[in-house]
There are 2 protein chains.
Amino acid sequence: MAERTQYEELVRQFSAFGAVKRELGRNLPPDCLGGSVAVLTLIGRQSNIRMRRLAELLAVDMSVTSRHVTHAVDRGWIERSPDPADKRSRILRLTPEGQERLEEIAERTTQLLSHRLSDWSDDEVGQLILLMARLRASFDDHGPVPVQPARSAPSTRTPLIIT
Amino acid sequence: MAERTQYEELVRQFSAFGAVKRELGRNLPPDCLGGSVAVLTLIGRQSNIRMRRLAELLAVDMSVTSRHVTHAVDRGWIERSPDPADKRSRILRLTPEGQERLEEIAERTTQLLSHRLSDWSDDEVGQLILLMARLRASFDDHGPVPVQPARSAPSTRTPLIIT
DNA sequence: TATTGTTATACTCTATAACTATA
DNA sequence: TATAGTTATAGAGTATAACAATA
């Protein structure tokens, strides 16, 4: 159990982390939004996925997922076909163009990070990955915090799932 | 130096980290936006700060900083007085109300994190703080990354090392 | 001319609510 | 009734550019 000043410092790091994410965003190919990148990445890992499951993995509302997917479908990166087993659902998979785009994104990302983290060891990168994955798990595992509820409105937001 | 798959996994964790930040945001007092929290926190640490320096610490554009500060000034949490040494500048410091608000935020944050991270050791929290601080430093230190080659062939080659 | 700071505008991401279609 | 998905709307964060005032 950590102490209060440590928690405050952790939150400060969370806040400042936005600058890192924004630089990664600026590194993306033109016409390729961050939302599309997240969607392409997850579908690249788990093909033939449905919207509901994708929203769970993204840990955002399905309405948000729908918009990101539509953006990628409009550009020919994702194929959104009906699910024969459940006519409400739609099956998502990458098109060849989507795979190319995903490859380009991965290439750019690797290039940027290999510059920025050139003095990081393999083990240090691995530690950061593990700690951030565990952080996410810690926020997912627990329910609402007792004293400060104030947020129990009905929501279509899905629980956080670790991938 | 890490490998490509590790970088991709790191970026995946960055993406999913948004869910953690959103929950922290939902934990804030009403009428208290995330931008104000960041501003209050930094002014609480370094009083009598100027806009320019604050924007640097926040790692956002000064126009963004100006809006966040205005939000807090409007609510009486920050005092924005002219700098006698340079009439272009303005000096920022917390009001007593701002200190109270900052205290309340810290209290809520500690409460949330002590629940969520109840099974984290002091050392583990410290490791995450250090790694995230170093991550930020790694992105700060370097200038813009050299121009990306238009299209690199898919490859598992060793990433380019910059000295 | 350069710097400090503000404001206007536009873009991205997100959640909520209302809706359709199907189970 | 409940669930899968879409769309409309609003709120928050950010960057760029134009601007004013001062150095």
Side-chain angles (χ1 to χ4, degrees), chain A residues 14-28 30-39 49-56 58-74 78 80-92 150-160, chain B residues 14-28 30-39 49-56 58-74 78 80-92 144:
Chain A
F14 289 171
S15 172
F17 175 71
V20 172
K21 288 188 77 171
R22 289 194 294 277
E23 176 154 356
L24 286 168
R26 285 190 291 269
N27 188 54
L28 295 176
D31 199 33
C32 195
L33 304 183
S36 291
V37 173
V39 160
I49 193 175
R50 275 172 288 142
M51 289 294 303
R52 182 69 174 172
R53 172 65 177 155
L54 181 60
E56 287 174 5
L58 291 170
V60 296
D61 192 89
M62 202 157 54
S63 65
V64 177
T65 307
S66 180
R67 281 192 37 185
H68 293 330
V69 167
T70 298
H71 181 269
V73 169
D74 290 345
I78 293 177
R80 186 166 49 181
S81 48
D83 181 352
D86 184 341
K87 291 180 181 173
R88 296 173 302 179
S89 296
R90 309 179 80 168
I91 303 285
L92 307 174
R151 297 279 177 169
S152 296
S155 167
T156 53
R157 184 184 162 275
T158 53
L160 182 59
Chain B
F14 289 171
S15 172
F17 175 71
V20 173
K21 285 188 79 169
R22 289 194 292 278
E23 176 154 356
L24 285 169
R26 286 189 291 269
N27 188 54
L28 295 176
D31 198 33
C32 194
L33 304 182
S36 292
V37 173
V39 161
I49 193 175
R50 275 172 287 142
M51 289 293 303
R52 182 69 173 172
R53 173 65 178 154
L54 182 59
E56 286 174 8
L58 290 170
V60 297
D61 192 89
M62 202 158 51
S63 65
V64 177
T65 306
S66 180
R67 281 190 37 183
H68 292 331
V69 167
T70 298
H71 181 268
V73 169
D74 289 346
I78 294 178
R80 186 166 48 179
S81 47
D83 181 353
D86 184 340
K87 290 180 181 174
R88 296 173 303 180
S89 295
R90 310 179 79 169
I91 303 287
L92 307 174

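Chain A is the first sequence line, chain B the second, and so forth, proteins listed ahead of strands; every chain is numbered from 1.
Residues satisfying the side-chain hydrogen bond (donor to acceptor under 3.5 Å, both in side chains) criterion with B:Asp74, sequence neighbours excluded, are absent altogether. Take A:Arg22 and apply the salt bridge (charged side-chain N to carboxylate O under 4.0 Å, His left out) test, not counting sequence neighbours, and it matches no residue. For B:Arg52, there are no salt bridge (charged side-chain N to carboxylate O under 4.0 Å, His left out) partners at least two apart in sequence or on another chain. In this view, A:Arg88 and A:Asp86 satisfy the side chain to side chain contact (heavy atoms under 4.5 Å, CB included) rule, not counting sequence neighbours. Residues passing the ring-ring contact (aromatic ring centres under 6.0 Å, His included) test with A:Phe14, sequence neighbours excluded: B:Phe17. Residues passing the side chain to side chain contact (heavy atoms under 4.5 Å, CB included) test with B:Ser36, sequence neighbours excluded: B:His71, B:Ala72, B:Trp77. Taking B:Asp61 as the reference, B:Ser63 meet the side-chain hydrogen bond (donor to acceptor under 3.5 Å, both in side chains) condition, with sequence neighbours excluded. Partners of B:Arg50 under the side chain to side chain contact (heavy atoms under 4.5 Å, CB included) rule, at least two apart in sequence or in another chain, are B:Asp83, B:Ser89, B:Ile91. Residues forming a side chain to side chain contact (heavy atoms under 4.5 Å, CB included) with A:Leu28 (at least two apart in sequence, or on another chain): A:Val37, A:Ile105.
The distance from atom CZ of B:Arg50 to atom P of C:dG5 is 7 Å, rounded to the nearest whole Å. Across the protein-nucleic acid pair, A:Ile91 atom CD1 and D:dG5 atom C1' stand 13 Å apart, rounded to whole Å. Following rounding to the nearest Å, B:Phe14 (CZ) and C:dC13 (P) show an atom-to-atom distance of 18 Å. Summarising the geometry, the separation between NE2 on A:His71 and C1' on C:dT14 is reported as 16 Å, rounded to the nearest angstrom. Distance, B:Lys21 NZ to C:dA15 P: 14 Å, rounded to whole Å. One interatomic measurement links the two molecules: CG of A:Asp74 to P of D:dT6, which rounds to 12 Å at whole-angstrom precision. The distance from atom CD of A:Glu56 to atom P of D:dA4 is 9 Å, rounded to the nearest whole Å. Per the geometry, CZ belonging to B:Phe17 stands 18 Å off P belonging to C:dC13, to the nearest Å.
A 4.5 Å side-chain heavy-atom check between B:Ser81 and B:Arg90 finds every atom pair outside the cut-off.
Under a 3.5 Å cut-off, the side chain of B:Thr70 and the backbone N or O of B:Ser66 do form a donor-acceptor pair.
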Pick out the pairs of N or O atoms, protein on one side and nucleotides 18-23 of chain D on the other, that lie under 3.5 Å.
unit_1 : atom_1 : unit_2  : atom_2 : d
D:dA23 : OP1    : B:Lys87 : N      : 3.1

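Distance from the side chain of A:Ser89 is smallest to D:dG5 among C:dT6, D:dG5, D:dT7.
Within 4.0 Å of B:Arg53, counting heavy atoms only, lies no atom of the nucleic acid at all.
Rounded to 10°, the angle separating the first-five-pair axis and the last-five-pair axis of the helix from C:dT1-D:dA23 to C:dA23-D:dT1 equals 10°.
Between C:dT6 and B:Arg80, a contact under 4.0 Å exists linking OP1 or OP2 to a side-chain N or O.
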Scoring nucleotides 8-16 of chain D by protein non-hydrogen atoms under 4.0 Å (B base, S sugar-phosphate only, - none) yields ----SSBBB
